[in-house]
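Written below as structure tokens is the structure these notes are about.
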Amino acid sequence: MSKRILIVGNWKMHLNASQASLLLHRLHERIKIHRNIEVVLAPSMLVLQPLSTQVDRRKFRLAAQNAYYKDEGAFTGEVSFSMLQDLVHYVIIGHSERRLHFHEDLEVVRDKVASAVRNSITPLLCVGETGQERHAGETKQVLHDQITTALSNLTADEIEEVVIAYEPVWAISTFEGEIAKPDDVESGLKFIRKQIAELYGNKAAKAVRLLYGGSVDDQIVRSYLELEDCDGALVGGASLNYHKFAGIVDSAYRLVQAQGEDDAGQ
Ligand code: 13P
């Protein structure tokens, strides 16, 4: 059966308002609407507001890269989920750069996930082990701890809406940038789905969407999208290049089309 694919571009701390606007314009020219492909752009916080007035909502949805879990108060420098409610569909939570550079611990990630859901914003929860944890054989324990804590304040119904991105830190281009083997990715994704099934039941595990992120580009994305448990990709570096990002969406497009033809032939 053909699946719905979610492609998210995480622009990280790149592109000022005019650069972001130019990239959006180019992507708009290149990317076609497909009912089974959802394309999400995550610009910097500063650029969300202007981009929200320019974006064609039939083609793109917006995501924030971060937010604070309190709704308002004396928290200098922070922006709350409630303030983002009208601007974004999604928010990235628990990205390894926030966990490692900004020391966000499991409990902060949990509170952010709960706050996003409370404010009707879909969390894109990132989980993944570091290279050191991988070599120490701790991958499953790390994923287990990150998932169980992050989701602990949600109901099974709420879990169905959550998106989880498996982003092994060693595979992110700006960390070690090792290209993950599709088999390794599939076993990580399977483990995540199994955790959800054990905690919240099979219905939630089936509904939850799982993405892969880590050095994904237009050349290799299909090898991940073809995996049974992979519902899309979270793209960093390649999302800043419109050829590459549009190429990634094209790959998803061709895969969905091929699967549709297979379905029709059966
Ligand atoms: P790269 O695609 O640059 O490896 O980044 C992945 C990532 O961190 C997306 O959130």
Side-chain angles (χ1 to χ4, degrees), residues 5-15 19-20 23 27 38-45 47-48 60-67 88-104 109 112-113 116 121-131 133-134 139 142-143 146-147 150 162-182 184-185 188-189 192 209-225 227 230-252:
I5 293 180
L6 175 59
I7 304 287
V8 184
N10 176 6
W11 294 355
K12 306 193 179 182
M13 199 176 73
H14 295 285
L15 310 182
Q19 292 165 329
L23 179 55
L27 291 174
E38 186 180 344
V39 184
V40 176
L41 306 173
S44 74
M45 194 68 92
V47 167
L48 271 174
F60 304 106
R61 283 179 162 172
L62 293 177
Q65 295 176 17
N66 181 37
V88 301
H89 255 91
Y90 293 96
V91 61
I92 298 173
I93 299 175
H95 193 282
S96 55
E97 287 150 16
R98 297 220 54 89
R99 293 183 197 257
L100 296 169
H101 301 321
F102 300 98
H103 313 294
E104 286 193 7
V109 173
K112 289 188 172 191
V113 168
I121 302 175
T122 301
L124 283 164
L125 170 67
C126 299
V127 297
E129 76 285 3
T130 62
E133 289 161 344
R134 179 190 186 207
T139 298
V142 169
L143 293 178
Q146 290 179 344
I147 293 165
V162 172
V163 178
I164 302 179
Y166 176 43
E167 293 211 322
V169 180
W170 48 269
I172 294 177
S173 64
T174 45
F175 287 104
E176 288 144 75
E178 191 180 325
I179 305 294
K181 293 191 194 74
D184 289 339
V185 172
L189 294 173
I192 294 169
R209 285 177 293 168
L210 303 185
L211 310 184
Y212 173 67
S215 301
V216 170
D217 67 16
D218 49 329
Q219 305 299 311
I220 57 169
V221 66
R222 185 161 173 150
S223 64
Y224 302 123
L225 295 180
L227 300 171
C230 186
D231 302 300
L234 178 52
V235 185
S239 71
L240 296 167
N241 176 307
Y242 80 97
H243 280 299
K244 287 188 183 168
F245 193 65
I248 288 170
V249 178
D250 283 346
S251 263

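Please read all numbers here as calculations on a predicted model, not as lab measurements. Atoms within a ligand are numbered from 1 in the order they appear, just like the ligands themselves.
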Ligand-residue contact atoms, ligand 1 with Gly237, heavy atoms, under 4.0 Å: 1 (P), 2 (O), 3 (O)
Trp170 side chain to Glu129 side chain, donor-acceptor N/O pair below 3.5 angstrom: yes
Residue-ligand contact Ala238/ligand 1, heavy atom below 4.0 Å: no
Atom 2 (O) of ligand 1 - nearest protein heavy atom and its distance: Gly236 N, 2.8 Å
Numbered atoms of ligand 1 (with element) below 4.0 Å of Gly214, judged on heavy atoms: 4 (O)
Identified side-chain contact (heavy atoms from CB on, under 4.5 Å) partner of Arg98 from the options Val109, Ile92, Asn66: Asn66
Region of Ile172 engaging ligand 1 - heavy atom pairs below 4.0 Å: both
Protein residue, atom and distance nearest to atom 1 (P) of ligand 1, heavy-atom basis: Ser173 OG, 3.4 Å
For Ser215, atoms of ligand 1 separated by under 4.0 Å from a heavy atom: 1 (P), 2 (O), 4 (O)
Main-chain N/O of Ile220 paired to Asp217 side chain as donor or acceptor, under 3.5 Å: yes
Sub-4.0 Å heavy-atom approach of Thr174 to ligand 1: no
For atom 7 (C) of ligand 1, the option (of Glu167, Glu176, Glu97) bearing the nearest heavy atom: Glu167
Given Leu211, Leu189, Leu210, the one that forms side-chain contact (heavy atoms from CB on, under 4.5 Å) with Cys230: Leu189
Donor-acceptor side-chain pairing of His95 and Gln65 below 3.5 angstrom: no
Close-contact set for ligand 1 against Leu234 heavy atoms, below 4.0 Å: 9 (C), 10 (O)
Aromatic ring pairing His101/Phe175, orientation class (parallel under 30°, perpendicular over 60°, tilted between): parallel
Lys/Arg-Asp/Glu bridge criterion (N-O < 4.0 Å) met for Arg134, Glu176: no
Atom indices of ligand 1 within 4.0 angstrom of Asn10 heavy atoms, with elements: 9 (C), 10 (O)
Beyond-backbone contact of Trp11 with Gln19, side-chain heavy atoms, under 4.5 angstrom: no
Close approach, Gly213 and ligand 1, non-hydrogen under 4.0 angstrom: no
